[in-house]
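Quick caveat, the model's predicted, so the values are computed rather than measured. What's counted below: heavy atoms across the whole structure, side chains too, no hydrogens, waters or symmetry copies. Residues: numbered from 1 along the sequence shown.
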Amino acid sequence: MTAAPTLHFCTDPGEFLAAAEAYLAADPVVNTVVATVARRMAARRAEGVVLPEDDWWLVVRDASGAVVGAAMRTAPFPPPPPFLLPMPREAAVALARA
């Protein structure tokens, strides 16, 4: 039996990008929205802009530590829906439970 994917939630878009940049770059068409929003928010944070406290980014890793999925919740309107990229089924279930 293989270990379930792990979910790592980030409130810092820079931390998210540090972990997921290579994963996002591997399929830029599919991942463009998450990559673009994370980069924009990281730049805003670097300028001193305080980001909303309930925004988050998610890095999904497999048992070997490789990034196998990502997500974010940054919509500026309530209720903020998550924006999910492809991920293993087990990770999606764990995210729904979280």
Pairwise distance CG(Asp12) to CG(Asp55) - rounded to 0.5 angstrom: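 Going from the CG atom of Asp12 to the CG atom of Asp55 covers 11.5 Å.
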
Spacing of Thr74 atom OG1 and Trp56 atom CH2 [to the nearest 0.5 Å]: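 Here the rounded value is 9.5 Å.
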
Under a 4.5 Å cut-off applied to non-hydrogen side-chain atoms, are [X] and [Y] in contact?
{"X": "Thr6", "Y": "Val60", "result": "no"}
{"X": "Thr11", "Y": "Leu51", "result": "no"}
{"X": "Met72", "Y": "Leu58", "result": "no"}
{"X": "Val30", "Y": "Pro86", "result": "yes"}

Steps toward side-chain contact (heavy atoms from CB on, under 4.5 Å) verdict (Tyr23, Val59): CA-CA 10 Å; Tyr23 172 82; Val59 178; over 6 Å; no

Shortest non-hydrogen contact from [X] to [Y]?
{"X": "Leu7", "Y": "Leu95", "value": "CD1-N, 3.6 Å"}
{"X": "Met41", "Y": "Pro52", "value": "CE-CD, 4.4 Å"}
{"X": "Arg73", "Y": "Pro80", "value": "CD-O, 3.0 Å"}
{"X": "Ala71", "Y": "Phe16", "value": "O-CE1, 4.2 Å"}
{"X": "Glu90", "Y": "Pro5", "value": "CB-CD, 3.7 Å"}
{"X": "Pro28", "Y": "Ala26", "value": "CD-C, 3.7 Å"}

ILVMFWY cluster, Val34 and Leu84 together (side-chain gap under 4.5 Å):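 No; Leu84 is not reachable from Val34 via cluster members.
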
same_hphob_cluster(Phe83, Val67) at 4.5 Å side-chain heavy-atom cutoff: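 Yes: a chain of side-chain contacts under 4.5 Å links Phe83 to Val67.
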
Glu15/Arg45 salt bridge by N-O under 4.0 Å criterion: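 Salt bridge flag = no for Glu15 with Arg45.
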
Worked verdict on Leu85 versus Leu24 for side-chain contact (heavy atoms from CB on, under 4.5 Å): CA-CA 10 Å; Leu85 295 176; Leu24 297 171; 3.8 Å; yes

Check against side-chain contact (heavy atoms from CB on, under 4.5 Å), Arg39 and Leu17: CA-CA 8 Å; Arg39 288 184 192 112; Leu17 287 169; 3.8 Å; yes

Any donor-acceptor pair under 3.5 Å from Asp27 side chain to Asn31 backbone: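 Looks like no, no N/O pair under 3.5 Å.
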
